[in-house]
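Right, one structure below, let's go through it.
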Amino acid sequence: MARNAEKAMTTLARWRAAKEAETGKNDRRPYLASECRDVKKCEKWRLEIIREISKKVAQIQNAGLGEFRIRDLNDEINKLLREKRHWENQISDLGGPHYRRYGPKMFDAEGREVPGNRGYKYFGAAKDLPGVRELFEQEPPPPPRKSRAELMKDIDADYYGYRDDDDGILIPLEQKAEKQAIQEAVAEWKRLQAEKGIEVPDDEEDIYAEFKDKTEREAETEAVLDTLGPKLTSHVPVPTQKDVEAALLKKRKMELLARYGIEDMDE
């Protein structure tokens, strides 16, 4: 019985092989799309590739396959996509429809367009693999830009540096640095004069002594006034007490003259 079954299977196998040879189903897809010069056969191989892609896309949705199997499936899908593109180019070159120009975009199982980087696409569970998830994370939105009114709200005199010297720290430091610079310049000048053989007396008269004394006295006076109270500057003439009394007296006389009907004061 076993031998008869083997013969039957062998006969069946031969019959199926012969039948496939008659119908042309045993044709293998060419390795290069350029080897096929028939538009109908190119269409046939393209549909076959699309069916393989659909099958592998359905398989890659399973996250339990493991990282290595998911990566292999994703690579195979991208390889089939490149092969499909070659067949579409060959169909358009042979005078067939332009699938790449009018064909739909690639979508995943959820209906969203398949993300990718430089032509390489990620499908299903491949988008959640380590190192891939970071590629598709959205960047945080940029900070909102301030309006001109908000920018001008914090601009005052301090922004332009008008009150930098009011703290009383910068001016003493500048005076100290100025004195040190003058001393260094004088010492350098004396050294140069000594190298030339010119004798410079140490007790040379300072021609700016009177000016320095006056400046120092004015500075001391201003410091005392600052301690007593704020300094007020008048931009108009301020009348004295005598001027106020004279103006009131004149006004009173004019009222009396007007009451008694006297037009001229001399009369």
Side-chain angles (χ1 to χ4, degrees), residues 1-139 141:
M1 294 293 293
R3 190 170 181 81
N4 294 333
E6 291 177 359
K7 289 180 181 180
M9 292 299 295
T10 303
T11 305
L12 179 61
R14 289 178 180 179
W15 179 82
R16 291 185 60 183
K19 197 69 175 176
E20 289 178 356
E22 291 177 2
T23 57
K25 290 185 177 180
N26 60 346
D27 294 342
R28 297 186 61 182
R29 187 167 68 232
Y31 183 73
L32 297 176
S34 58
E35 296 178 357
C36 183
R37 307 301 300 177
D38 188 2
V39 177
K40 291 184 178 180
K41 288 187 176 181
C42 292
E43 295 275 3
K44 170 187 173 183
W45 302 132
R46 176 179 175 273
L47 292 176
E48 182 179 336
I49 293 173
I50 291 176
R51 284 193 292 268
E52 293 180 7
I53 292 174
S54 301
K55 182 179 178 181
K56 293 184 181 297
V57 168
Q59 293 177 1
I60 204 172
Q61 304 298 326
N62 185 9
L65 295 176
E67 179 180 351
F68 298 103
R69 179 55 181 162
I70 291 174
R71 290 186 185 274
D72 292 341
L73 279 174
N74 201 76
D75 293 338
E76 292 173 4
I77 293 172
N78 281 274
K79 182 179 178 181
L80 289 172
L81 288 174
R82 289 194 298 270
E83 189 174 355
K84 183 174 75 73
R85 185 167 60 250
H86 295 326
W87 284 104
E88 290 174 351
N89 293 336
Q90 181 67 10
I91 292 172
S92 61
D93 293 340
L94 295 175
H98 297 274
Y99 290 104
R100 294 193 60 192
R101 183 181 301 176
Y102 305 107
K105 296 181 180 180
M106 183 65 65
F107 296 95
D108 58 7
E110 300 176 358
R112 296 176 297 184
E113 186 176 357
V114 177
N117 184 18
R118 295 183 180 180
Y120 191 87
K121 304 292 184 180
Y122 294 94
F123 298 85
K127 293 183 291 186
D128 297 329
L129 293 175
V132 181
R133 189 185 303 108
E134 291 78 5
L135 296 175
F136 308 113
E137 290 181 352
Q138 297 181 355
E139 297 182 358

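Only this structure's heavy atoms are used, side chains among them; waters, hydrogens and symmetry mates stay out. The model shown is predicted, which means the values in this text are computed figures rather than measured ones.
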(message) Any heavy-atom pair between the side chains of R69 and Q59 that's under 4.5 Å?
(response) yes
(message) Once rounded to the nearest 0.5 Å, what's the spacing between atom CD1 of I77 and atom CZ of R82?
(response) 12.0 Å
(request) Could you tell me which residues satisfy salt bridge (charged side-chain N to carboxylate O under 4.0 Å, His left out) with R71, sequence neighbours excluded, listed by chain and number? (result) E67
(message) Show me the pairs that pass salt bridge (charged side-chain N to carboxylate O under 4.0 Å, His left out) and involve residues 86-98, at least two apart or across chains.
(response) R46-E88, K84-E88
(message) My understanding is that only residues two or more places apart in sequence, or in another chain, count here; which of them pass side-chain hydrogen bond (donor to acceptor under 3.5 Å, both in side chains) with D75?
(response) Y120
(request) Could you tell me whether a side-chain N or O of N89 sits under 3.5 Å from a main-chain N or O of R85, the two making a donor and an acceptor? (result) yes
(message) Return the CD1 to CG distance between I50 and L81, rounded to the nearest 0.5 Å.
(response) 10.0 Å
(request) Supply the atom-to-atom distance E83 CD to E48 CD, rounded to the nearest 0.5 angstrom. (result) 9.0 Å
(request) Over all heavy atoms of both residues, which pair between N74 and A126 is shortest? Give the atoms and the distance, please. (result) OD1-CB, 3.5 Å
(message) Ignoring hydrogens, what is the shortest heavy-atom contact between K121 and F123? Give both atom names and the distance.
(response) CB-CE1, 3.5 Å
(request) Using a 4.5 Å cut-off on heavy atoms from C-beta on, say whether the side chain of W87 contacts that of R29. (result) yes
(message) Between Q90 and C36 (side chain of the first, backbone of the second, donor and acceptor by atom type, cut-off under 3.5 Å), is there such a pair?
(response) yes
(message) Let me confirm one number: the CD1-OH distance from I70 to Y122, rounded to the nearest 0.5 Å.
(response) 13.5 Å
(request) Could you tell me the separation between the CG atom of L73 and the NZ atom of K55, rounded to the nearest 0.5 Å? (result) 11.0 Å
(request) Nearest 0.5 Å please: distance from the NZ atom of K56 over to the CG atom of N78. (result) 12.0 Å
